[in-house]
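On a predicted model such as this, the values are computed, not experimentally measured, just so you know. For the single chain, residues carry numbers from 1 onward in sequence order. As the structure lists them, so they are numbered: ligands from 1, and atoms in each ligand from 1.
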Amino acid sequence: MDEDTPEETGPSAPTGGPRDEAAGSPRTDGGTERADGPADEVALDPWGSASVGDYADLFEEFGIEAFDDVADDVADPHYLMRRGVIFGHREYDAVAEAMANDEPFAALSGFMPTGDPHIGHKLVFDEIIWHQRQGGDAFGLIADLEAHSARGMSWSEIDEHARNYLLSLLALGFDAEAGEIYRQSDNREVQDLGFELGSKANFSEFEAIYGFDGETNVSHMQSVVTQTADILYPQLVDEPKPTVIPVGPDQDPHVRLTRDLATRVRYFKVTEAFASFELDDDERQLVRAAYDALAAGSDGDAEVNDAETDVRCEAAAEWLADYEPPEPDRDDAGGDAAPGLDLAAAKSTALDKLRAGGKEPLRPRVRFFDRNATDEAFEALIEAVGGEKRVFDGHVDAFEMTRSEAEAVAREVEIDHGGFGFRQPSSIYHRFMTGLTGGKMSSSIPASHISLLDDPEDGYDKVRSATTGGRDTAEKQRELGGEADECPVYELYAYLLAGDDDELTKTVYSECVNGERLCGGCKEQAAELMREFLDDHQEKREEAEELLDDLDIDLDSDRRGTGGEH
Ligand code: TRP
Ligand code: SF4
């Protein structure tokens, strides 16, 4: 994966600007809303009403990749992965690979303490915990600065909610000794990192990404840079490593911005080059094709020694002139870089460059650009480059290093000289749950969702009275089968109640669609499972009290501030 992929911070067409008035009417879903019909337009707004009409649109529109594409790289996938609840990702391959090779990786997510934790948050808690059990460093954070600045929550409300989130996270199995829990306001390193990253972002960009405008409060903007710092924090406290951020797709704008900033703070940019002039990604692909064809032809052997081939720019131009570039293929083009791949246009510019190069030999090389390096770091880099090299004003060309060797050297020099050396963070995205009453799951409609603090009997009752994908009459149900795909109760089985038991979800599904299962009994079974789950979870929450008290986290903050605007 190209670490230096120009990132995807194009406008994300937010629905409404997160203005201060909007901040006064808190979104209460905590990120689990889903539209009950197709949305008019695709929009990913972290502070809007998160609704996704068609998940497939997110692939096209924003370059989120289908999780299916990486699912096979995960040895023992979580049930949310197996069941398509986790539907999308960015560069999760890096994390899957680290996991498979027993290399370091991390998982981090954050929670805005605006209300009670509910079954939508449980998805994310479980995702963090699963990655921890797979050997990752795990982080859970309380986004208190965001809750205060973007949602107007008072500090005492924040303390209370934070406590409830953390008890559930611990009750579900987060190992707080191995992992780390923090609140944004208490983490000085995160604040400092946010400050540093903020120097590489500007307001126009926030306008384009989030729909911020002149009415947006400044602390809200600060909470955005804080979140980018959260996302990179696992790499700061330890070493740069693949990091997955499990979130709902509404958080993707933050992930995209952070992937960009992670790159912008790097000291060096490493690219491949063939001659003194610059090529963009598409041009490079064509020049490589020309070089490979001519270098292989020169001694009839594909395994050529680069130093001995004598391929000139003008000869490559001649070859390229007759070359038909393949049709762009999104699937092959490699994720983030895919949009805009246009080899026909690149062909004409590559030709110009090669012709201007004349007799200059084409020689593959890796190029290090000085992006943000200190003078000492640039000097140290020159020293560190092994083999034949050529030093220019703002860059160094190395003729005997592979791209990945070069990346490693660049990162090492950067870290040794006070830089971060970040890798771009990865993400996975889960579907939002449908409300039990149909439509969105929203905390403002108690019957639509189940809080992890709900009395188990209430949980039972809510499931018993849930909307279903069933037919009007039992006869019709037997004849036509139920619509499990449209059924919030089936979703409960798949997202939560069946746990790891795939047989149960399969049985419910097939019995439903084959007309062998009637909704009354189906809901009774689900309602009982829900009661059991809540019973058990709440018992574990009580046990977690002690764990939480032992942790170094202040849940009784003495911050002064405003009471919030509800
Ligand atoms: N913005 C997230 C939310 O609305 C919370 C959050 C803060 C977060 N920092 C994060 C999520 C880092 C993931 C990673 O809930
Ligand atoms: Fe939903 Fe179960 Fe009824 Fe099928 S039988 S529609 S899964 S409640």
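Using a 4.5 Å heavy-atom cutoff, the side chains of R411 and R423 are in contact.
Exactly one of K200, R264, R256 qualifies for a salt bridge (charged side-chain N to carboxylate O under 4.0 Å, His left out) with E205. That residue is R264.
When G515, A466, G469 are checked for heavy-atom proximity to atom 6 (S) of ligand 2, G469 turns out nearest. By heavy-atom distance, the residue among R151, Q184, E146 lying nearest atom 5 (C) of ligand 1 is E146. Looking at C487, G520, G481, A494 and measuring to atom 8 (S) of ligand 2, the nearest heavy atom belongs to C487.
Counting the atoms of ligand 1 from 1 in the order shown, those under 4.0 Å from a heavy atom of L108 are 12 (C), 14 (C). For ligand 2, the atoms closer than 4.0 angstrom to any heavy atom of G470 are 6 (S). Atoms of ligand 1 found under 4.0 Å from any heavy atom of I245 (numbered from 1 in listed order, with element): 13 (C), 14 (C). Each of the following atoms of ligand 2 lies closer than 4.0 Å to a heavy atom of T468: 8 (S).
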Worksheet item: Which is it for F203 and F212 under the ring pair (Phe, Tyr, Trp, His ring centres under 6.0 Å) test, yes or no, and what are the steps along the way?
Response: CA-CA 8 Å; F203 179 66; F212 284 178; 7.4 Å; no
Discussion item. Would D230 and Y182 count as a side-chain hydrogen bond (donor to acceptor under 3.5 Å, both in side chains) here? Give the steps.
Written reply: CA-CA 10 Å; D230 289 330; Y182 69 87; 2.6 Å; yes
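Contact annotation: for T226 versus ligand 1, there are no heavy atoms closer than 4.0 Å.
Under the 4.0 angstrom criterion for non-hydrogen atoms, Q477 is in contact with ligand 2.
Atom 2 (Fe) of ligand 2 has as its closest protein heavy atom C522 SG, 2.3 Å. Closest protein heavy atom to atom 3 (Fe) of ligand 2: C519 SG, 2.3 Å.
The distance between the ring centers of F125 and F111 falls below 6.0 angstrom.
Other residues, nucleotides and ligands contribute over 12 non-hydrogen atoms within 6.0 Å of the CG atom of N202.
Donor-acceptor pairing under 3.5 Å is lacking for the side chains of Y460 and D455.
Not a single N or O atom of H254, backbone or side chain, sits closer than 3.5 Å to an N or O atom of ligand 1. Distances between N or O atoms of S109 and those of ligand 1 include no value under 3.5 Å.
Inclusion of C512 in the first shell of atom 2 (Fe) of ligand 2 is not supported: no N, O or S atom falls under 2.8 Å.
Residues R464 and E524 are paired through a salt bridge, judged by an N-O separation under 4.0 Å between the basic side chain and the carboxylate.
From H449, atom NE2 reaches atom OG of S442 across 8.0 Å, with rounding to the nearest 0.5 Å.
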